[in-house]
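These notes are about the structure you will find just below.
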Amino acid sequence: MPELPEVETIARTLRPHVQGCVITNAQLLRATSQHPLSLPLEHLRGCRIAEVGRRGKLLLLQLDASNAENAAVRGCKDLRLAVHLRMTGRLMTYTPQTAPGPHTRCVFDLDVPASQVGTQKENAGAHAGHASTVQVKDAEDQLKGTAPDIHEGPRRLFFDDVRAFGLVLAGTPDIFDRWPFWSELGPEPLTLTPKNFAKSLTGRKSAIKAVLLDQKILAGVGNIYADESLFAAGIDPRRKAADLTRVQMDTLLKALQDVLLLSISQCGSSIRDYKDADGNAGAFQNTFAVYGRGGQPCKKCGRPLEKARVAGRGTVYCSQCQR
DNA sequence: TCCTCCCTGTTC
DNA sequence: GAACAGGGAGGA
């Protein structure tokens, strides 16, 4: 389940495969995988992928529409494609001959301008810890989800999503502004100050875990990092947010930032589906203190970890170490 | 502020 | 064959 560290990892690993590429064709294969506010994906033909970024759990492709085929889109400033991977979304590039799989929701055919080929190789090599050349997988690799081929030139970007919870939204800034999820998205936890974090908690009667999961308060925190940071901070996930002392709030924000940064350094956590854009799994799941460890001994005190439902989510915590 | 639904593969 | 995983929308 991609949360902030996983989406950050995907952005970093996808960048060398798609940045600078021109979208020659874009198809939506499942209507509900596109947000109703979105421009038709076909309008993106001729756009160049200028940047690959992230905001909260959203993956953002910044598009250069100078040469867009569609007249309504051509020349648009700040044209963007947002991808929310939700539970099982995945973005990977493949050879141009690769057919969409049963769970492929969108297909983007990409071409690499001749001037870009050398640059792409350099970009790919610049990403530490991953293969150093442009990789495009073939159909067989798609099924395996591993062992990418080395390939240059045209490629396809697939948005695969087994559970079809994910969605794409292509639009100009005014379209994004009409998307409540976007316009109300809270601050990035990694750059949030203790003062502003404390401000956002005051007066909140709901459980601290519910507050951490609320994307209007913090962008990018999901179930894994909420549980892990609350354990690291020694705070009971069911406690009312407003009841935390200022010291506890500061401790929690620091714990959350440490956990997120550590996970990013390990290329995220892989539970079942998650893979980065190179098809590699993350490693942070091996570091989990509580998530998915209900009933197992607490790594601090050895008592069995408790399981509960908080904010409608499965929650694991230590009744001894978290108060 | 909390609950239900969406969706499908995996596990029990 | 039911329970479970869960982010976010929408309704109670």
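Sequence lines set the chain letters: A, B, ... in the order given, protein chains first and strands last, and positions in each chain run from 1.
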How close or far is atom [atom2] of [N] from atom [atom1] of [X], stated in whole angstroms?
X       : N      : atom1 : atom2 : value
I208(A) : dC2(B) : CD1   : C1'   : 17 Å
D227(A) : dA5(C) : CG    : P     : 12 Å
D161(A) : dA5(C) : CG    : C1'   : 14 Å
Y274(A) : dG9(B) : OH    : P     : 22 Å
N223(A) : dG7(C) : CG    : P     : 5 Å
L167(A) : dG7(C) : CG    : P     : 14 Å
W179(A) : dA9(C) : CH2   : P     : 8 Å
L213(A) : dC2(B) : CG    : C1'   : 14 Å

Considering just the side-chain nitrogens and oxygens of [X], establish if one lies under 4.0 Å of OP1 or OP2 belonging to [N].
X       : N      : result
K205(A) : dC2(B) : no
H103(A) : dC7(B) : no
H84(A)  : dG7(C) : no
Q215(A) : dG7(C) : no

Any donor and acceptor pair, going by atom type alone, linking the side chain of T251(A) with main-chain N or O of V247(A) inside 3.5 Å? yes
Assess the side chains of T32(A) and R30(A): does a donor N or O sit below 3.5 Å from an acceptor N or O?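 Yes, a side-chain donor-acceptor pair sits under 3.5 Å.
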Check whether the side chain of R163(A) and the base of dA5(C) form a donor-acceptor pair under 3.5 Å.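 Yes, the side chain and the base share a sub-3.5 Å donor-acceptor pair.
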Should the pair K254(A) and F197(A) be classed as cation-pi, given the thresholds of under 6.0 Å to the six-membered ring centre and 45° from the axis? no
Here's one to test your reading of the geometry: is the NZ or CZ of R80(A) within 45 degrees of the ring axis of F176(A) and under 6.0 Å from its centre? yes
E3(A) has a side chain; which of dA5(C), dG7(C), dT8(B) sits nearest to it?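 Nearest nucleotide to the side chain: dG7(C).
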Aromatic ring proximity, centroids under 6.0 angstrom, F231(A) and Y317(A):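 Y317(A) vs F231(A): aromatic centres not under 6.0 Å.
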Name the residue closer to the 5' end of DNA chain B, choosing between S206(A) and R313(A) according to the nucleotide with the nearest heavy atom. S206(A)
